[in-house]
Amino acid sequence: MLVLKRVVSVGGIIVPQCTSLSVSCFSASHCLNSPKRHSPYSSVDSERYSSLVKSVMSVRVSSQTPETLQAEDEHIYGPVVKAQTTSSGPKMRGPKTLHPFLNCEETLNLEEPESGQPVRIALNRGQGRSSVPSVTRILQQTLSPDQIFYLERWKKRMIAELGEEGFKQYSLNLFRQGKLFHSAVEEVLTSGTPQNRNLSETPEYPPDVQGYMESISHILEDVGAVRAIESTVQHNALNYLGVADCVARYRGVLCVIDWKTSEKPKPFLRNTYDNPIQVAAYAGALNNDANYKYQVENGLIVVAYKDGSPGHAHKLSSELMLEYWKTWLVRLEEFTEQRSSHA
DNA sequence: GGATCCTTCTTCTTCTTC
């Protein structure tokens, strides 16, 4: 049975998300090319029924909408300068074909030994890659109008509080902490297996990183068999690339892992916004990149907190990964359309 | 040497009651 879990707005299009997809979908790539067989919702005219679906599926109903909030903000902050929109043609309803998330055609060496140093393929933009867009850029340029609205509102409020310069420093500091945290995680993971990492001798992290590392120490204990770290993945057929944080086993399951720092608690997967799409995009690229001789179906988003409170590990099952992969394909196609209309 | 790239982050209603 299919269960309609929630409704996600993708570039202004309401996409019903389903669970309980057939597991057999992942063993044969042809299944991915015929989603209708598995999801009756994929044939729904989502534009026509979007408001209905939204009102039915929304558990919590707020009297405030982006529209009413915008009117209020305009009153307080002045008129909004709207970004130019590019959608001149008919609204896209989803990708015409679903490219396989897994690459089943190539001979894969699943028996590849997992010991040894993790792979780290550096990003080399010089080798004809300059025109290949990145996962981050694609996600940033295909944010939904709601996402753009809330992000802009947040930014305005922060600037009102901190001033332009204060906000700039605040943002730089968040980025700096994120980078330091990534380096520290990398250092721990390359220092050995969970068993022989010397956890009693706590390494001296920079003060800004100490709390984050404490926050995820219980999660790192379950991460082993690290295969790749900060490694470039490129989907040659779909023409995009990215740098995956980590590929390793979490509680025995091979995952693409993304490490995140956060100021706010993110106890649920839905609190991580586009992060699951990012992870699915990396996994799909890795699965279709000849540099990697194995396939990864699962994902993990690890959220760390500065005050050292227990971090969250959000598991992305292969079923969920496939759902987010489909969402990624929509975003990718939207980006490609944007690009061609600008050319 | 400088410029550019990929990342690093940032959003999710309100204030009604026990």
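Letters A, B, ... mirror the listed sequences (proteins, then strands); counts begin at 1.
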Worksheet item: Is any side-chain nitrogen or oxygen of A:K264 closer than 4.0 Å to OP1 or OP2 of B:dT10?
Response: no
Fill in: Atom-to-atom span, CG of A:N124 to C1' of B:dT4 - whole angstrom
13 Å
Response to the item:
A:L300 and A:V302 have their tightest heavy-atom pair at CD2-CG2, 3.7 Å
Discussion item. Quick check for you: among B:dT7, B:dC5, B:dT10, whose closest atom lies nearest to any side-chain atom of A:K179?
Written reply: B:dT7
Worksheet item: Counting any heavy atom closer than 4.0 Å, what does A:S171 reach on the DNA or RNA strands: base, sugar-phosphate only, or nothing?
Response: nothing
Fill in: Of the listed nucleotides B:dT10, B:dC9, B:dT7, the one nearest the side chain of A:W154
B:dT10
Enumerate donor-acceptor pairs with a distance under 3.5 Å from any side-chain N or O in residues 178-186 of chain A to protein atoms, sequence neighbours excluded.
residue, atom, partner, partner atom, Å
A:H182, ND1, A:G178, O, 2.8
A:H182, NE2, A:D245, OD1, 3.4
A:H182, NE2, A:D245, OD2, 3.0
A:H182, NE2, A:W259, O, 3.2
A:S183, OG, A:K179, O, 3.1
A:E186, OE2, A:R120, NH1, 2.8
A:E186, OE2, A:R120, NH2, 3.2

Worksheet item: Any side-chain N or O of A:K266 less than 4.0 Å from the OP1 or OP2 oxygen of B:dT10?
Response: yes
Practice prompt. May I ask you to verify if any side-chain N or O of A:S262 is less than 4.0 angstrom from the OP1 or OP2 atom of B:dC9?
Written response: no
Worksheet entry | A:Y170 vs B:dT8: side-chain N/O to OP1/OP2 distance below 4.0 Å | no
Worksheet item: What class does the angle between the rings of A:Y305 and A:H312 fall in, given that below 30° is parallel, 30 to 60° is tilted and above 60° is perpendicular?
Response: perpendicular
Discussion item. Regarding A:Q278, tell me which of base, sugar-phosphate or nothing describes its non-hydrogen contacts under 4.0 Å with the strands shown.
Written reply: sugar-phosphate
Practice prompt. Give one of base, sugar-phosphate or nothing for A:Y282, where a contact means two heavy atoms less than 4.0 Å apart.
Written response: sugar-phosphate
Worksheet, complete the sentence: Sorted by position of nearest nucleotide on DNA chain B, 5' first, the leading residue of A:A244 and A:T272 is A:A244
Worksheet, complete the sentence: A:Q140 atom CD is separated from B:dC9 atom C1', nearest whole Å, by 10 Å
Item to complete: Report which part of the nucleic acid A:D245 touches: base, sugar-phosphate, or nothing (heavy-atom distance under 4.0 Å, all strands).
Response: sugar-phosphate
Practice prompt. Measure the distance from CZ on A:F149 to C1' on B:dT13 and round it to the nearest whole Å.
Written response: 12 Å
Worksheet item: Using 30° and 60° as the class limits, which term best fits the ring planes of A:Y240 and A:W325: parallel, tilted or perpendicular?
Response: tilted
Worksheet item: For B:dT8, does the glycosidic angle fall within 90° of 0 (syn) or outside that (anti)?
Response: anti
Discussion item. Under 4.0 Å, heavy atoms only, any strand: does A:Q177 hit a base, just the sugar-phosphate, or nothing?
Written reply: nothing
Discussion item. Check the phosphate of B:dC9 against A:T261, side-chain N and O only, distance under 4.0 Å to OP1 or OP2. Yes or no?
Written reply: yes
Fill in: Closest to the A:L174 side chain, choosing from B:dC9, B:dT11, B:dT7
B:dC9
Worksheet entry | Ion pair check, A:E323 and A:K326, cut-off under 4.0 Å | yes
Discussion item. Both A:D258 and A:D274 contact DNA chain B. Which one's nearest nucleotide lies toward the 5' end?
Written reply: A:D258
